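Right, one structure below, let's go through it.
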Amino acid sequence: MFLTKEEEKMANGEYGETIRKSMDILIALGDIYGAESFVDIKSAQVSGVSYKTIGEAGLEYLQDLADGAEIIYNENGTINDKSGISTISATLNPAGTDLDNWEEFGFPVDFAKKQIEICDAYSALGISNTCTCTPYLIGNVPRLGDHVSWSESSAVAYVNSVIGARTNREGGPGALAAAIVGKTPLYGYHFDENRKASLVVEVEDKLERADFGALGYAVGQIVKDGIPYFKLANKTYEVANSNLKALGAALASSGAVALYHVENITPEASNAEAENVEDKIVISADDIKETREKLSSAEGYADLVCLGCPHASLEEIQELAEIVKGKKIKNELWICSSISVKAAADRMGYTETIEEAGGHIVLDTCMVVAPIEQMGYKVIGVNSAKAANYVPSMCGLKVIYDDIENLLDFE
């Protein structure tokens with residue numbers, strides 16, 4: 001890779017060990033993927049947060065990086081970008097527990113304490129421990145064409161596809177390193193020519209609710225790491241951002257999709273050159289129905305219904321509040337979201353409505369990266385194809401995949 005004089009100083013350790021180690025990672029990634037240079041980034045989103053996924057080795061690595069960071073202030077009081085901590089907008093993926101209310105929800109004590117240490121180390125590196133997989137709902141919102149370094153698979157799909165910023169599907173250490181130095185190797189989805197459609201998907205019938213996740217799951221298995229271009233039967237106004245969020249999350253979990261286009265909806269669809277794509281498939285109502293059935297590994301009653309994978313928006317919390325208003329839920333109910341979105345839900349009265357029905361808004365975590373297998377649950381009800389895909393393998397539990405109304409049992 002070509003390095004500027006400033007980048008050479010960073011790589012040689014002239015700005016400390018934290019920056020040097022970060023440059024080592026990024027240069028190695030650039031060499032692997034054939035990048036010729038770096039590009040400055042506007043934001044980062046860092047995965048590898050839950051103690052369940054990174055363990056003791058990950059915690060020690062983060063603490064070592066944090067120990068090597070030294071905050072240097074400029075004359076105007078701002079933090080110097082060679083301090084070894086992030087000075088760009090950088091947010092964390094979900095942790096393994098609700099950071100403030102872990103005791104209330106029964107998270108294991110030893111696990112929770114380790115989780116807090118992990119988040120403290122990230123905070124020392126300048127990463128905001130808002131802990132959400134939907135950072136675009138809480139202020140980490142790049143603009144069309146911005147270069148960023150994001151690592152959570154569903155967030156990568158959303159920021160590339162729905163927002164139109166540019167990131168590769170980064171690993172957690174790579175995104176953290178990029179956040180610290182403010183740069184990422186220039187390759188892959190950062191270039192126009194690598195953002196064209198590779199598969200056209202014609203959907204015959206209108207989709208509703210959990211159908212979007214089923215569509216993404218089915219197509220992800222076919223397209224792998226390609227770029228699907230969807231022609232939906234739905235009118236534009238019938239497709240909400242929450243539907244696109246569910247679609248991208250499923251594409252990224254059953255395949256390795258980092259970018260998709262939806263005709264007349266996503267910002268780069270008109271430049272995707274879908275008319276030149278030879279590979280085409282048709283998805284029927286029967287295909288959606290069959291996929292929905294395959295995503296369930298159990299039937300009947302779910303002892304925990306867990307929504308918000310990716311993390312729920314205010315609109316999704318409002319929808320749930322309207323469903324449960326004035327009722328009592330038999331299942332235990334979690335809706336996973338961020339502290340920022342919950343603050344808005346509190347003010348709007350949605351939180352109170354959900355809690356009166358017996359449910360809870362759980363912050364910072366989700367059913368995939370939380371140690372729910374240690375908490376007495378056996379069958380989990382989800383409306384997320386991503387969760388339905390990962391919970392059996394990562395938690396060893398059975399899942400029921402369906403729309404919200406069908407997952408909840410009322411007294």
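Because the structure is predicted, anything quoted here is derived from the model rather than measured.
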Taking atom [atom1] as the centre, does [X] end up with more than 12 heavy-atom neighbours from other residues, nucleotides or ligands that are less than 6.0 angstrom away?
{"X": "K327", "atom1": "NZ", "answer": "yes"}
{"X": "E238", "atom1": "CD", "answer": "yes"}
{"X": "Y33", "atom1": "OH", "answer": "no"}
{"X": "I339", "atom1": "CD1", "answer": "no"}
{"X": "E36", "atom1": "CD", "answer": "no"}
{"X": "E299", "atom1": "CD", "answer": "no"}
{"X": "E352", "atom1": "CD", "answer": "no"}

Return yes if some donor-acceptor pair links the side-chain N/O of [X] with the main-chain N/O of [Y] below 3.5 Å, else return no.
{"X": "N101", "Y": "E104", "result": "no"}
{"X": "S154", "Y": "A249", "result": "no"}
{"X": "N331", "Y": "A302", "result": "yes"}
{"X": "S161", "Y": "Y260", "result": "yes"}
{"X": "N168", "Y": "Y187", "result": "yes"}

State the [atom1]-[atom2] distance between [X] and [Y], to the nearest 0.5 angstrom.
{"X": "I354", "Y": "L307", "atom1": "CD1", "atom2": "CG", "value": "9.0 Å"}
{"X": "S337", "Y": "L314", "atom1": "OG", "atom2": "CG", "value": "8.5 Å"}
{"X": "T91", "Y": "N140", "atom1": "OG1", "atom2": "CG", "value": "4.0 Å"}
{"X": "T18", "Y": "L125", "atom1": "OG1", "atom2": "CG", "value": "6.5 Å"}
{"X": "H261", "Y": "F230", "atom1": "NE2", "atom2": "CZ", "value": "11.0 Å"}
{"X": "I380", "Y": "L407", "atom1": "CD1", "atom2": "CG", "value": "11.0 Å"}

How close do [X] and [Y] get, counting heavy atoms only, and between which atoms?
{"X": "G174", "Y": "L26", "answer": "O-CD2, 3.6 Å"}
{"X": "V369", "Y": "F111", "answer": "O-CZ, 4.4 Å"}
{"X": "D364", "Y": "L99", "answer": "OD2-N, 2.9 Å"}
{"X": "M367", "Y": "C309", "answer": "SD-CB, 3.6 Å"}
{"X": "A214", "Y": "L295", "answer": "CA-CD1, 4.4 Å"}
{"X": "N93", "Y": "Q45", "answer": "OD1-NE2, 2.8 Å"}

Inspect the contact between [Y] and [X] and indicate whether a charged nitrogen and a carboxylate oxygen are less than 4.0 angstrom apart.
{"X": "D64", "Y": "K21", "result": "yes"}
{"X": "R209", "Y": "D402", "result": "no"}
{"X": "R292", "Y": "D403", "result": "yes"}
{"X": "D24", "Y": "R20", "result": "yes"}
{"X": "K183", "Y": "E6", "result": "no"}

Can a side-chain donor-acceptor contact be found between [Y] and [X] if the only test is distance below 3.5 angstrom?
{"X": "E152", "Y": "Y158", "value": "no"}
{"X": "T236", "Y": "N264", "value": "no"}
{"X": "Y401", "Y": "E293", "value": "no"}
{"X": "E356", "Y": "T353", "value": "no"}
{"X": "D287", "Y": "S284", "value": "yes"}
{"X": "T134", "Y": "T132", "value": "yes"}
{"X": "N160", "Y": "R169", "value": "no"}

Test side-chain contact (heavy atoms from CB on, under 4.5 Å) applied to D67 - qualifying residues, sequence neighbours left out =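 Checked D67 against side-chain contact (heavy atoms from CB on, under 4.5 Å); zero matches.
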
request  = Tell me, with the steps shown, if D40 and F38 meet side chain to side chain contact (heavy atoms under 4.5 Å, CB included).
outcome  = CA-CA 7 Å; D40 292 336; F38 284 106; over 6 Å; no

task = Dump the intermediate steps for side chain to side chain contact (heavy atoms under 4.5 Å, CB included) on F107 and T365, then the final yes or no.
result = CA-CA 11 Å; F107 287 99; T365 190; 4.1 Å; yes

task = Let me see the working for K398 and D303 under salt bridge (charged side-chain N to carboxylate O under 4.0 Å, His left out), right down to the final yes or no.
result = CA-CA 11 Å; K398 293 184 177 181; D303 46 23; over 6 Å; no

request  = Start with the C-alpha gap between D110 and K114, add the side-chain angles, then the distance that decides, and say whether salt bridge (charged side-chain N to carboxylate O under 4.0 Å, His left out) holds.
outcome  = CA-CA 6 Å; D110 291 344; K114 291 291 186 180; over 6 Å; no

inquiry  = Would D31 and M1 count as a side chain to side chain contact (heavy atoms under 4.5 Å, CB included) here? Give the steps.
reply    = CA-CA 7 Å; D31 287 342; M1 293 182 67; 3.7 Å; yes

Test log, rule side chain to side chain contact (heavy atoms under 4.5 Å, CB included), inputs V277 and Y229 = CA-CA 9 Å; V277 176; Y229 181 99; over 6 Å; no

